Protein chains: 2
Amino acid sequence: MEEKKFDVIIIGGGPAGLSAGINCNSRNKKAAIFENGQLCEKIRKAPHVNNLIGFPMVTGKELSDRLINHAREANLTFVSQTINKIHPGGDTFYIQAGQEFYETKAVIITSGVAVKTDLKGELDFIGKGVSYCATCDGSFYKGKKVAVVSDYEKGEEEAKFLSEIASEVCYIPLYSNVGDLPDRIKVIKDKPQEIIGTGKVEKLILKENDIEVDGIFLERRSIPLVQLIEGLENDGRHIKIDCDMATNIPGVFAAGDCTGEPYQLPKAIGQGATAALSAAQWMDNQNKN
Amino acid sequence: MEEKKFDVIIIGGGPAGLSAGINCNSRNKKAAIFENGQLCEKIRKAPHVNNLIGFPMVTGKELSDRLINHAREANLTFVSQTINKIHPGGDTFYIQAGQEFYETKAVIITSGVAVKTDLKGELDFIGKGVSYCATCDGSFYKGKKVAVVSDYEKGEEEAKFLSEIASEVCYIPLYSNVGDLPDRIKVIKDKPQEIIGTGKVEKLILKENDIEVDGIFLERRSIPLVQLIEGLENDGRHIKIDCDMATNIPGVFAAGDCTGEPYQLPKAIGQGATAALSAAQWMDNQNKN
């Protein structure tokens with residue numbers, strides 16, 4: 001049976017996340033790294049990296065292989081799921097990833113910064129028609145019209161699921177090679193521009209057309225921070241942390257690019273290690289009390 | 001002629017210092033690393049290091065060689081001198097190392113934490129008879145009695161220099177194989193216990209004997225932070241920094257173990273890189289104004 005309980009859940013498999021992982025390991029904490037995509041994807045694309053001491057003029061590919069191999073050799077669990085929501089609950093966090101729930105004592109967010117900008121209007125309508133998880137919010141749209149905008153094939157599952165609840169589902173894929181979908185799902189090949197409405201979502205403006213909808217599900221590899229966990233202090237793009245990598249929520253830590261500029265590899269590695277040690281210490285203090 | 005002007009002077013050649021060095025380099029800042037001892041001495045002694053992502057189960061020796069080789073390949077100057085004092089002066093810092101002066105626009109302190117404890121009474125008598133630099137303070141002891149307590153052979157030079165000024169010089173070596181010293185220097189093989197006096201140094205208590213002195217020169221590979229630069233905020237053992245590695249003194253940054261626990265290698269490397277980028281940005285802003 002798949003393991004669902006951890007000491008630490010790390011969200012993101014870049015250098016900060018992998019560094020946090022091996023440092024949890026060395027403190028004997030059972031850690032899982034959630035990454036829905038390729039580990040160290042951003043470094044892999046760099047032709048060369050020369051500012052990480054010990055790795056002179058290494059290629060991005062070589063370096064990412066080195067980091068990943070080290071993490072793979074360690075006693076870590078890798079889970080290929082997008083996390084939709086972190087629910088704090090007493091001394092345990094419940095982590096929702098699609099239809100699955102995981103339990104953990106501490107969370108380290110190392111989700112990087114999204115390169116893409118949000119869709120215009122998106123952040124204004126979170127909870128008012130904009131959702132990032134069909135499993136979580138699908139039931140609100142019984143008999144209503146919804147659109148699913150998806151960066152990748154995972155959106156097809158979401159669209160199928162919603163087509164059993166909603167009266168109408170439009171699927172707007174932002175990628176090519178869309179799989180077979182039931183006829184009841186209308187595939188629209190167009191580019192979303194803006195979400196509009198008065199108090200709640202009413203219309204999705206596309207480049208060629210507008211569609212009237214009650215709800216819009218956005219399927220991306222990463223979701224906005226404001227959506228991930230309620231009350232997490234941030235300035236929109238970045239999570240606020242102290243020098244020990246603690247966020248304003250006890251038991252939640254963050255490291256790497258998601259905590260702010262400069263976006264730098266050695267900084268991410270150092271912060272990941274610090275976050276792991278802070279999380280371990282926090283857990284040990286909890287156990288004492 | 002030896003180069004004496006730099007953009008950044010880095011004090012300490014451990015992982016934080018070397019990481020700062022190569023990152024200054026990548027920002028096109030001319031940097032010098034001052035290290036009076038062996039580079040990466042502390043890691044070199046570790047049997048294994050396993051918490052730096054990318055280096056699974058590396059020995060301390062292998063890892064320190066990797067870090068040092070990378071730094072040596074970069075365009076950095078290495079200076080084997082103990083820095084006695086940092087004098088801020090407008091937009092330039094004047095760095096005193098023995099009888100030499102160096103100029104720099106920014107300083108990064110990566111001096112680690114001293115494993116040894118201070119001599120009892122030492123910190124109370126700084127400026128009142130306790131000194132770390134014969135060149136700087138020797139002239140105050142004309143015709144007086146001084147003791148030189150030294151961790152290593154460099155103290156012999158200091159003792160010789162002082163013997164031309166003071167009426168009496170006792171040399172207390174804390175190492176073996178002392179070189180030839182002029183007869184006017186009295187070598188005492190004993191262990192210092194405490195410095196005592198009323199308002200100023202009066203006596204050095206040794207394990208076997210006490211000696212009456214007006215001044216005590218302590219020759220160590222690293223000197224206490226409080227002595228290094230006036231007004232630097234610290235809590236005795238650690239320098240206070242913000243999350244960008246800036247100290248309370250504009251243009252002075254710090255990274256690694258000297259900034260506080262946890263004393264961890266990946267953290268030191270990340271902080272070193274961050275300090276270099278912060279120093280570079282600070283310099284660029286100075287030039288703009």
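Residue numbering restarts at 1 for every chain, and letters A, B, ... go by the order of the sequence lines. Here the structure is a predicted model, which means the values were calculated and not measured.
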Atom group of [X] that falls short of 4.5 Å from chain B, counting heavy atoms:
X: A/Gln271; value: neither
X: A/Ser19; value: both
X: A/Leu52; value: both
X: A/Arg72; value: neither
X: A/Asn69; value: neither
X: A/Asn50; value: both
X: A/Leu18; value: both

Quiz item: Does the cation-pi check pass for B/Lys42 over B/Tyr263, that is, NZ or CZ under 6.0 Å from the six-membered ring centre and within 45° of its axis?
Solution: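 Flagged: B/Lys42 positioned over aromatic ring of B/Tyr263.
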Under a 4.5 Å cutoff for heavy-atom pairs, which residue among [options] has the most contacts with chain A?
options: B/Ala71, B/Ser64, B/Cys243, B/Pro56; value: B/Pro56
options: B/Ala74, B/Pro266, B/Ala268; value: B/Pro266
options: B/Lys267, B/His70, B/Gln281, B/Gln264; value: B/His70
options: B/Arg66, B/Met57, B/Glu73; value: B/Arg66

Self-check item: Contacting moiety of B/Ile22, where chain A heavy atoms sit under 4.5 Å
Solution: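 Looking at B/Ile22, just its side chain touches chain A.
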Practice problem: Check whether B/Asp242 gets within reach of chain A through its side chain, its backbone, both or neither, counting any heavy atom under 4.5 Å. | Solution: backbone
Give, for atom [atom1] of [X] and atom [atom2] of [Y], the distance between the pair rounded to the nearest 0.5 Å.
X: A/Ile86; Y: A/Tyr102; atom1: CD1; atom2: OH; value: 14.0 Å
X: B/Phe6; Y: B/Ile33; atom1: CZ; atom2: CD1; value: 11.0 Å
X: B/Leu228; Y: B/Ile83; atom1: CG; atom2: CD1; value: 7.0 Å

Quiz item: Between B/Lys29 and B/Asp284, does at least one N-O distance fall below 4.0 Å, as a salt bridge requires?
Solution: yes
Quiz item: Is any side-chain N of the basic residue among B/Glu122 and B/Arg220 closer than 4.0 Å to the acidic one's carboxylate O?
Solution: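 Yes, this pair counts.
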Exercise. Classify the angle between the aromatic ring planes of B/Phe93 and B/Trp282 as parallel (below 30°), tilted (30 to 60°) or perpendicular (above 60°).
Key: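 Rings of B/Phe93 and B/Trp282: tilted, 30 to 60°.
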Quiz item: Can any side-chain N or O of B/Thr110 pair as donor or acceptor with the backbone N or O of B/Gly12 at less than 3.5 Å?
Solution: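 It does hold such a pair.
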Practice problem: Go through the steps to decide whether A/Phe55 and A/His48 satisfy the test ring-ring contact (aromatic ring centres under 6.0 Å, His included), and finish with yes or no. | Solution: CA-CA 10 Å; A/Phe55 289 106; A/His48 282 96; over 10 Å; no
